[in-house]
**Q** 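This is the structure I want to talk about, given as structure tokens.
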Amino acid sequence: VLFRSKRIATDLHDDLQQQFSTVRMAVEKAAEELEGVSPLAKSLKAASAMAADTIIALRRISYDLMPKGLSKEGLAYALNELCVRLSETGIKAQFTRGGDCEHPDAKTELALYRVVQELVNNTLKHAEATRIEMVMNCSLASRQDGHGRCILMISDNGKGFDAEKEKDKGLGMRNIESRLSMIGAT
């Protein structure tokens, strides 16, 4: 799954995004040449704007499939970047990292990042929150089995919900449980 997500993200960025950029440049050039000569110039400008919007959407999708910071710098970096992006939208978001955090394996990092994305999405969609806080505490080889432990807490100032009532309703919560189960987390 990790390799596939990375490959799709790369293909979207390197192939489709580049193709749309080329199309956009050709359409803009045609619009400039037809300016004042043909009513098609206006339609071509509109097409160029749509191509620009598509390029932005492709960039966002590519990033969402495999955030660059996650694959290059790790989970803590990617979560901090997510908080920065959220703060730019008016949500007060804060990331705090504690302990001697090491990079979990790539599969675990991606699963945890996707869980956080779903939790943040639920917060934005349902909770009417204005603040989100993420805290990641890790310890190396602290358990009896010799493996480290990572505790990731997400909180917000939203209105909350009754987990028992919502248990069977949302695909998002099932996806969260599935991703956590896949990496042996709770």
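Numbers here simply count residues along the sequence, with the first being 1.
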**Q** Step by step, work out the side chain to side chain contact (heavy atoms under 4.5 Å, CB included) result for Val116 and Leu112.
**A** CA-CA 6 Å; Val116 171; Leu112 290 174; 5.6 Å; no
**Q** Report the distance from atom CG of Asn137 to atom CZ of Arg97, rounding to the nearest 0.5 Å.
**A**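 Going from CG on Asn137 over to CZ on Arg97, the span is 10.5 Å.
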**Q** Rounded at 0.5 Å granularity, tell me how far CG in Leu86 sits from CD1 in Ile132.
**A**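 Nearest 0.5 Å value for the CG-CD1 distance: 5.0 Å.
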**Q** Please check this pair: side chain of Ser181 against backbone of Glu177, looking for a donor-acceptor N/O pair closer than 3.5 Å.
**A**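 A pair under 3.5 Å: no.
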**Q** Please set out all donor-acceptor pairs under 3.5 angstrom arising from side-chain atoms of residues 24-33, sequence neighbours excluded.
**A**
unit_1: Arg24; atom_1: NE; unit_2: Glu28; atom_2: OE2; d: 3.1
unit_1: Arg24; atom_1: NH2; unit_2: Glu28; atom_2: OE2; d: 3.2
unit_1: Glu28; atom_1: OE2; unit_2: Ser48; atom_2: OG; d: 3.1
unit_1: Lys29; atom_1: NZ; unit_2: Glu33; atom_2: OE2; d: 3.1

**Q** Out of curiosity, Ser38 OG to Leu44 CG, how far, rounded to the nearest 0.5 Å?
**A**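 Output value for this atom pair is 8.0 Å.
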**Q** Which residues satisfy the side chain to side chain contact (heavy atoms under 4.5 Å, CB included) test with Ala185, sequence neighbours excluded?
**A**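 Counting only residues at least two positions away or on another chain, Ala185 forms a side chain to side chain contact (heavy atoms under 4.5 Å, CB included) with Leu180, Ile183.
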**Q** Taking all non-hydrogen atoms of both residues, which atom of Lys107 and which atom of Met182 are closest, and how far apart?
**A**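 Taking Lys107 first and Met182 second, the nearest heavy atoms are NZ-O, 3.8 Å.
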**Q** Decide if atom CZ of Phe20 counts as having more than 12 heavy atoms of other residues, nucleotides or ligands within a radius under 6.0 Å.
**A**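 No.
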**Q** Let me confirm one number: the OG1-CD distance from Thr123 to Glu118, rounded to the nearest 0.5 Å.
**A**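 The OG1 atom of Thr123 sits 9.5 Å away from the CD atom of Glu118.
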**Q** Met136 and Leu152: which non-hydrogen atoms are nearest, and at how many Å?
**A**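 The pair with the smallest heavy-atom distance is CB-CD1, 3.8 Å.
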**Q** Sort and list the pairs that fulfil side chain to side chain donor-acceptor pair (under 3.5 Å) and have at least one residue in residues 81-96, not counting sequence neighbours.
**A**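 Residue pairs with at least one partner in residues 81-96: Tyr63-Arg85.
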**Q** Determine the minimum heavy-atom distance between Glu109 and Leu75, stating which atoms define it.
**A**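 Closest approach of Glu109 to Leu75: OE2-N, 3.1 Å.
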**Q** Could you tell me which non-hydrogen atom of His126 sits nearest to which non-hydrogen atom of Lys159, and how far apart they are?
**A**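 Closest pair (atom of His126, atom of Lys159, distance): O-CE, 3.0 Å.
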**Q** With a 3.5 Å distance limit and no angle check, can you tell me whether Asn80 reaches the backbone of Phe95 through a side-chain donor-acceptor pair?
**A**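 Absent.
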**Q** Within the structure provided, determine whether Gln117 and Arg114 are in side-chain contact (heavy-atom separation under 4.5 Å).
**A**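 Yes. Closest side-chain heavy atoms under 4.5 Å.
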**Q** Hey, mind stepping through Leu79 and Tyr113 against side chain to side chain contact (heavy atoms under 4.5 Å, CB included) and telling me if it holds?
**A** CA-CA 7 Å; Leu79 293 177; Tyr113 187 79; 4.0 Å; yes
**Q** Roughly how far, to the nearest 0.5 Å, is CD1 of Ile91 from CG of Leu124?
**A**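 Going from the CG atom of Leu124 to the CD1 atom of Ile91 covers 5.5 Å.
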**Q** Please round to the nearest 0.5 Å and tell me the distance separating atom CD1 of Ile154 and atom CE of Met134.
**A**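 It is 5.0 Å, given to the nearest 0.5 Å.
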